[in-house]
Participant: 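Have a look at this one before I ask anything.
Just so you know, these numbers use all the heavy atoms, side chains as well, and skip hydrogens, waters and symmetry mates. Order of the sequence lines sets the chain letters (A, B, ...), proteins ahead of strands, with each chain counted from 1. The shown structure was predicted, so the numbers you read here are calculated from the model rather than taken from an experiment.
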Amino acid sequence: MGPTAAGALFALSLLVAVALVHRPLGDYMARVFTSRHHVRAEWWMYRLIGVDPDGEQTWAVYARSVLAFSAVSVLFLYGFQRLQSHLFLNLGLPAVKSDLAWNTAVSFVTNTNWQAYAGESTMGHLVQVAGLAVQNFVSAAVGIAVAIALVRGFARSRTDKLGNFWVDLVRGCLRILLPVCVVAAVVLVAGGAVQSFVEPQTVQTLSGAQQAVTGGPVASQEAIKNFGTNGGGFYNANSAHPFENPTVWTNWVEIFLLLAIGFSLPRTFGRMVGDLRQGYAIVAVMAVLAIGSQLAVHGFQLAHQGTVPTAVGAATEGIETRFGVANSAAFASATTLTSTGSVNSFHDSYTSLGGAVLLANMMLGEVAPGGVGSGLYGILILAVVTVFVAGLMVGRTPEFLGKKIRAREIKLASLYFLTTPALVLLGTAVAMALPEGREGMLNRGPHGLSEVLYAFTSAGNNNGSAFAGLAADTTFYNTALGLAMLAGRFVPVVLVLALAGSLAAQRSTPVTAGTLPTHRPQFVGMVAGVTVILVALTFFPALALGPLAEGLR
Amino acid sequence: MPGPRRNRTRTSRKPLPTPLPSHRGRGGLLDPRQLVRALPDALRKLNPATLWHNPVMLIVEVGAAWSTVLAVREATVFGWLIAFWLWLTVLFANLAESVAESRGKAQADTLRRAKRATMARRLPGWEPGREPAGGTEEAVPAPQLQQGDHVIVEAGEIIPGDGDVVEGIASVDESAITGESAPVIRESGGDRSAVTGGTKVLSDRIIVKITQKPGESFIDRMIALVEGARRQKTPNEIALNILLAGLTIIFLLAVATLQPLAVFAKNTQPGIPDTATLNGNGVTGIVLASLLVCLIPTTIGALLSAIGIAGMDRLVQHNVLAMSGRAIEAAGDVNTLLLDKTGTITLGNRQAARFVPVSGVEESHLADAGQLSSLADATPEGRSIVVFAKQRYGLRERTPGELAHATWVPFTAQTRMSGVDLADTGEVRSLRKGAATAVMKWVRDHGGHPTQEAGHLVDGVSATGGTPLVVGEVIRHGEVTGARVLGVIHLKDVVKEGMRERFDHMRTMGIRTVMITGDNPLTAKAISDEAGVDDFLAEATPEDKLALIRREQEGGRLVAMTGDGTNDAPALAQADVGVAMNTGTSAAKEAGNMVDLDSNPTKLIEIVVIGKQLLITRGALTTFSIANDIAKYFAIIPAMFAAVHPSLDTLNIMRLASPESAILSAVVFNALIIVALIPLALRGVRYRPASASALLSRNLSLYGLGGIITPFIGIKLIDLIVRFIPGVS
């Protein structure tokens, strides 16, 4: 079997696995969020935080809970890092400097996991486990909770209640993320990933040099890093590090984990709104975009012109040899499509057009399938916009799942799709205008521009992967990217919840032959088209001056 | 009148949509003279104070002004051309709106002529039933009339204000508002009592109770509506405006943030000389303004308000007045259509459809007897028997004076029979036609014994939803009397031609039709089956109707209905789209949100189509507008940056001659496409009843795909011309 065939098999088997798991996992999640039953551990937690698990919240209260919880999380994580030197299990590492601590705290709370630091030489075990890993769980659960609230908005009618954030948060962690991650961590350990609390060991390398090798609770972090689409690696090299991602098959497992929830949530959506076809349509949009992106990255990595790629037969720079070009492309594509941001190869080294696709993956707004929860609500917003234009074209006030899309709904949806492009474009422009921003670039010319554009795209869309090449641990970038991550997460969250509130308040309009069907291939194509065109129109000038200028011949 | 009574009757003057009255301009193609006439108004609209309600065009105007400043500071042919065409873009948008408005203005002028200053003859202290004493009349200028005043109007006088006839009957010329020259009857009581100020009494004398408030007459409201003076943005228009504003902001951001990137790109390659599009300070102001104007959705932004005005106008051309734009949009959304049976689905009255003789009687004999006995029956049913006998059996209609020795027995509601007694040399032949029970009793009273067969025939007709009339015959020859039943006349409702197809269309559009009738369920079922409606409400009272509307709305459906009677008012008010007939009462007109001047209930179907067309036009042009941007990028991006990044010339797939010609071509295309689409905006996109899915496919390929391809061709063609302008090539 040649490398191309092996790569195809690798990608195809992932596709099959995700397709197989999306139904049971999606149905399971729907049950988790509609069940009236609380398990004992949950009761205990509700009593601890003092909430009535059966009291439902309006959108405003729900949003307030999300914001309050996240604000406390940021403060806690910031303090944790700043006090690291006073805590145990710190491996003798000093306190994290303030701008980096702010950036990291925001990064993990927003499910971005942008890392302006090298994990093994900055964070001790305690911060990694009790700080970062905890946020990996809860930030993912927050995303799922918000998506579920939006789904309830569609499913319910004439109510102002969207569920209880605390219940959704606790259930997301305890019933979905935790059990799967326990199993996944064991699987990764079996594959050779490290899981220990040992001090760094000093070993002698083949060349005779001394090297300190840091072990730690890696496999557990690795599981949630991917399953929760977080992406913050234990090591600086992230999933390219053999302790995190030892073999080709653990590579497969990791990609599978980061795709699993994102592709299953549309099923949950279909189940909860009582029309599975709607879920299939949404998952189809995601799949069309994801498969297209995979093929493009593969194509560009294998067939890009250039001296070295032509000589070697593929763009191999920055690629782990144990994974190869195809499996690295699959990982890169999956991690940028899911707002995960873990990497097993260096995106900076990708061909310019391959890198452009990775950039575009994020610019889509992280919707194919996107981050856990955020992907679903992102694509539902795009579906709302599509329904609006398409609905007018069939001569009716646009409706989606029986809910009319009127001024208020379109206002919230418009603000949503404005937010991230605004952050990305403004951030990039400011960075390019200021000497502090330009200094961080490793390369001059269009590639340097791509590095900055990538950083803000990654932060604004809460992806967290880095193009590398950009010296990001500066006061400017730590502050600016921190702000981009914060706004890129919570402005959309509030808008989504407001939208959910106004949808839930509406009565449902019955479906007739005059209603725009939102489950047919026609609609799938249209949502995919709107997503791509919206991105193309917004980012085309910036892409032209970056990767396109570099990659076109 | 025989048979079950309908709860009210209505005669429709015009059963099917009529051609438009000539004084109302037709929709459709744009007359260049119209553009010229609208020009001064369009120039006036350049005032930013009036333009601010259209944010997209306001930004274009700011861009045009900014370009002008730059062109003045550094005069180049390119700069001036761009500035000129940016101004034209704004002007074209204004032109679209002005042309749409000018049509309304013409109609308003016609209406104003009807609103001549009239003097009213007020009757102070008059009460219904009293003869107005000559001395109590006073002359008052019409505008000073108050609600509740009584005025007297005689032949040749103009009715001074809207009101209800409380005494008398008159023929009225309503052409001033309906454009229909045939006079109509207005009488006190019943559903034809409403009169409109500005119309003229042609005969007789009526006393009218004024129902309008001063200055709020029907004509005043019509003028305000067609002039668009009170035009408020409709809900969907507001939502679309928000989306367009969102897109505009995105493109504003994309263009504004481009500058630092461009500066960086330029300055990292200091060896490359400055061009007309890019220098050390980044992209030139004129090019940035051009890019912005090309990207923001100017096409739809320019035409949006024209589409709304034209939609209202199309309704007016159909002689329908919508009291709000909201109502037109709601019409497009309607899920359930309530249609009155009489006058809408069926012709006004039941008509004879069949003569069914008892055995032993020739059908022609029955027809002859039926005709003879109906000659003295002036009810529509009676007339229809005469006509039917003539058409089917060639029996000439005989006038009452024609037959000698004939004694005519006219139809009365008490006897429920009509007929004739023919005396002929010792023999008297009496014929009676009427309600089954009445005629059978008459036969029995004369010693006859109606056979069981006759009873079966009567039941048979009833069972199919028809109305049976029995024809009886009594022959007196001296003392010998023979009485018998000849047979049954089958009266049935006649469904208007083409109704079934219309209801089929409604069904494909996802609209459920419900027939409302006062008939019993059996009759209602038969007619609804024949007409092809989805459902019916039999033995309907106004309360039932209201309850039905509420029930439908409770299920999230939007309901449209027509009505004319005062008892329709609550239902008209409750319905999402309530179309009142102009012949109806003031109460009905007040309750509905549309008035049909032709009083043609079938019009509801056209109203729904106009509502849909309005939304589709907006959606289609939005799609077109956004799809256009792709080609513009391919024109402008390489034009801006190919100098610093030669690889970007790959994107110049249109092979435009120079950066200047590329940008100018895009700007010119952007302006011209607005003019090109004005006719479409005014006329509305073509609408054929189809399912949502089929409609979307068609419009997507036409306006989506078309919107992607058209500008590639258009920009290339314009470039082929502008490349010869010195300073552009």
Participant: Between Glu554(B) and chain A, with a heavy-atom cut-off of 4.5 Å, which part of the residue counts as in contact: side chain, backbone, both or neither?
Facilitator: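 Looking at Glu554(B), backbone and side chain both touch chain A.
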Participant: Tell me, for Gln553(B) versus chain A, whether the close heavy atoms (under 4.5 Å) come from the side chain, the backbone, both or neither.
Facilitator: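 Looking at Gln553(B), just its backbone touches chain A.
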Participant: Test side-chain contact (heavy atoms from CB on, under 4.5 Å) on Ile626(B) and Leu537(A) and set out the steps.
Facilitator: CA-CA 9 Å; Ile626(B) 297 170; Leu537(A) 294 180; 3.8 Å; yes
Participant: Which atoms of Ile630(B) come close to chain A, meaning under 4.5 Å heavy atom to heavy atom: side chain ones, backbone ones, both, or neither?
Facilitator: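 Both backbone and side chain of Ile630(B) come within 4.5 Å of chain A.
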Participant: I'd like to check Phe417(A) versus Ile250(B) (side-chain heavy atoms, cut-off strictly below 4.5 Å). Are they in contact?
Facilitator: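 A side-chain contact exists here, since the closest heavy-atom pair is under 4.5 Å.
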Participant: Taking side chain as everything from C-beta outward and backbone as N, CA, C, O, which of these in Ile533(A) sits under 4.5 Å from a heavy atom of chain B? Side chain, backbone, both or neither.
Facilitator: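 When you check distances to chain B, only side chain atoms of Ile533(A) fall under 4.5 Å.
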Participant: Tell me, for Thr428(A) versus chain B, whether the close heavy atoms (under 4.5 Å) come from the side chain, the backbone, both or neither.
Facilitator: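 For Thr428(A), backbone and side chain are both near chain B.
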Participant: Which bit of Arg408(A) comes within less than 4.5 Å of chain B, counting heavy atoms only: side chain, backbone, both or neither?
Facilitator: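 For Arg408(A), no heavy atom lies under 4.5 Å from chain B.
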Participant: Between Asn335(B) and chain A, with a heavy-atom cut-off of 4.5 Å, which part of the residue counts as in contact: side chain, backbone, both or neither?
Facilitator: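 The side chain, not the backbone.
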Participant: For Thr617(B), which atoms come within 4.5 Å of any heavy atom of chain A: side chain, backbone, both, or neither?
Facilitator: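 Interface part for Thr617(B): neither.
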Participant: Does a side-chain N-to-carboxylate-O contact under 4.0 Å join Glu329(B) and Arg406(A)?
Facilitator: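 Looking at Glu329(B) and Arg406(A), the cut-off is not met.
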Participant: Non-hydrogen atoms of chain A under 4.5 Å away: do they reach the side chain of Arg698(B), the backbone, both or neither?
Facilitator: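 No part of Arg698(B) comes within 4.5 Å of chain A.
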Participant: Can you say whether Leu240(B) sits under 4.5 Å from chain A via the side chain, the backbone, both, or neither, judging by heavy atoms?
Facilitator: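 For Leu240(B), backbone and side chain are both near chain A.
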Participant: Side chain, backbone, both or neither: which part of Ile249(B) has an atom under 4.5 Å from a heavy atom of chain A?
Facilitator: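 Both the backbone and the side chain of Ile249(B) come within 4.5 Å of chain A.
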Participant: Side chain, backbone, both or neither: which part of Thr397(A) has an atom under 4.5 Å from a heavy atom of chain B?
Facilitator: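 For Thr397(A), backbone and side chain are both near chain B.
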Participant: Side chain, backbone, both or neither: which part of Val334(B) has a non-hydrogen atom closer than 4.5 Å to chain A?
Facilitator: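 Just its backbone gets close to chain A.
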Participant: Can you confirm whether the side chains of Ser693(B) and Arg520(A) place a donor and an acceptor under 3.5 Å from each other?
Facilitator: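 A pair is found: one side chain offers a donor N or O, the other an acceptor, under 3.5 Å apart.
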